[in-house]
Amino acid sequence: MNSKVFFGLYVPTNSILHRLDPRMKIIGCFWYVVIVFFANNLLTNVLLALFLLFLMAMSRVSFKMYWQGIRTLMWIILITAAVQLLFSTGGYTLWQWHFLTITSLGIIQSIYLIFRFAFIITISTVLTVTTTTLQLAAGIESLLKPLSYLKVPVSQLAMMLSIALRFIPTIMDEIQTIMDAQRARGMDFSAGNLFQRAKRLVPVMIPLFVSSFKRADDLALAMEARGYEPGAKRTAYRRLKWEKANNWALLVYILLTVVLIVLRHL
């Protein structure tokens, strides 16, 4: 497994987060993503950062691995922050050239935007490293079960999402392998302008699509051989059970939200 690829990878450790109900972890992840957008000052962002560091420590997974997960998306974060910086208005104007403007408020909003991206990526990584693919599927299916009364294919949606999460590291590893093979044949992906670099990715994307379709076909045959039938009523070997520890975790998120709301108005 390529150590540079971390999102979607399950890391087995005997931590409290690993033992929590997957439904609680999914709820907690979405809850955190929502309240991230309510952080509007330094205190609220520090509070969210400290809580996230607490979760990372509780997962017993190396902080270096979490950084590797953020680093793979760093360029997207920086480009988005740069757009926010150059096109924001408000505050004192520090630099201006034609329609591009850098203001004091734009700098603050760009910094907060970087924090939000980092928080969302990291909390999603905490979820995937502490929850197996099967647990994610079971948790999502259980949470979406009320939609089944509206004829929504809940089990199929949960299965598709869990498979997608499962194969993110595999596909990223395969991209790295193909690029290494192309470099060994003399390909230089860093030379030239942006258009030339994008053009050099064509020899990477074609074998990636071919291998992805082949893997999907093999997976479909394997599921069919094991008797998987979409829409059929299925039983579970391990049933989800909501324990007292999940109530404490829910209480922690409620307290976090209350404190954030208080700090937001300071």
Side-chain angles (χ1 to χ4, degrees), residues 5-74 76-78 80-81 84 107-133 135-136 138-140 142-143 161 165 168-169 240 242-266:
V5 180
F6 194 55
F7 180 78
L9 176 66
Y10 173 70
V11 180
T13 63
N14 187 24
S15 71
I16 296 176
L17 292 184
H18 282 73
R19 295 193 294 270
L20 285 178
D21 192 293
R23 292 170 293 184
M24 179 61 234
K25 287 184 279 189
I26 294 170
I27 292 172
C29 180
F30 280 96
W31 192 324
Y32 187 90
V33 170
V34 171
I35 64 176
V36 157
F37 293 96
F38 288 91
N40 63 341
N41 54 42
L42 180 61
L43 290 177
T44 51
N45 280 279
V46 169
L47 174 66
L48 292 176
L50 292 175
F51 181 74
L52 191 56
L53 289 173
F54 171 73
L55 293 181
M56 293 162 63
M58 291 282 287
S59 68
R60 296 186 180 180
V61 176
S62 171
F63 279 40
K64 183 179 179 181
M65 291 186 176
Y66 285 109
W67 164 244
Q68 290 171 353
I70 297 176
R71 189 173 61 181
T72 56
L73 299 174
M74 184 57 67
I76 298 176
I77 297 174
L78 293 178
T80 308
Q84 178 76 26
I107 294 175
I108 295 174
Q109 290 178 345
S110 299
I111 294 173
Y112 288 164
L113 183 65
I114 293 174
F115 285 158
R116 286 173 181 172
F117 266 104
F119 292 161
I120 292 172
I121 293 170
T122 305
I123 193 65
S124 302
T125 307
V126 171
L127 172 64
T128 58
V129 299
T130 59
T131 316
T132 64
T133 306
Q135 288 175 336
L136 277 175
I140 294 171
S142 177
L143 291 173
L161 182 58
L165 290 174
I168 286 176
L240 298 179
W242 190 273
E243 297 179 349
K244 187 181 294 185
N246 298 291
N247 295 329
W248 287 109
L250 193 61
L251 179 61
V252 169
Y253 272 95
I254 294 174
L255 291 176
L256 173 67
T257 306
V258 172
V259 175
L260 186 141
I261 292 174
V262 172
L263 295 179
R264 176 182 166 86
H265 293 91
L266 291 182

Please check if the side chain of [X] supplies one atom and the backbone of [Y] the other of a donor-acceptor pair under 3.5 Å.
{"X": "Tyr112", "Y": "Leu42", "value": "yes"}
{"X": "Ser142", "Y": "Ala138", "value": "no"}
{"X": "Ser59", "Y": "Ser15", "value": "no"}

Under 3.5 Å, side-chain donor or acceptor atoms of residues 28-35 against the rest of the protein: list the pairs with distances, not counting sequence neighbours.
| unit_1 | atom_1 | unit_2 | atom_2 | d |
| --- | --- | --- | --- | --- |
| Trp31 | NE1 | Thr257 | OG1 | 2.8 |
| Tyr32 | OH | Leu48 | O | 2.8 |

Query raised in the report: Is it the case that more than 12 heavy atoms not belonging to Trp248 sit under 6.0 Å from its CH2 atom?
Result: no
Query raised in the report: Has Phe115 got more than 12 heavy atoms of other residues, nucleotides or ligands less than 6.0 Å from its CZ?
Result: no
Quick one, [X] and [Y] - any side-chain contact, counting heavy atoms below 4.5 Å?
{"X": "Met74", "Y": "Phe117", "answer": "no"}
{"X": "Tyr66", "Y": "Val61", "answer": "yes"}
{"X": "Phe37", "Y": "Ile120", "answer": "yes"}

Query raised in the report: If you measure only the distance, is there a donor-acceptor pair under 3.5 Å linking the side chains of Arg19 and Asn14?
Result: yes
Query - Results of salt bridge (Lys or Arg N to Asp or Glu O under 4.0 Å) for Arg23 - residues two or more places apart only - result: Asp21
Query raised in the report: Rounded to the nearest 0.5 Å, how far apart are CZ of Arg60 and CD1 of Ile16?
Result: 7.5 Å
Query raised in the report: Can you tell me how far the OG atom of Ser110 sits from the CD1 atom of Ile77, to the nearest 0.5 Å?
Result: 13.0 Å
Report summary line: Quick note, ring pair (Phe, Tyr, Trp, His ring centres under 6.0 Å) partners involving residues 40-63, not counting sequence neighbours, are Phe51-Tyr253
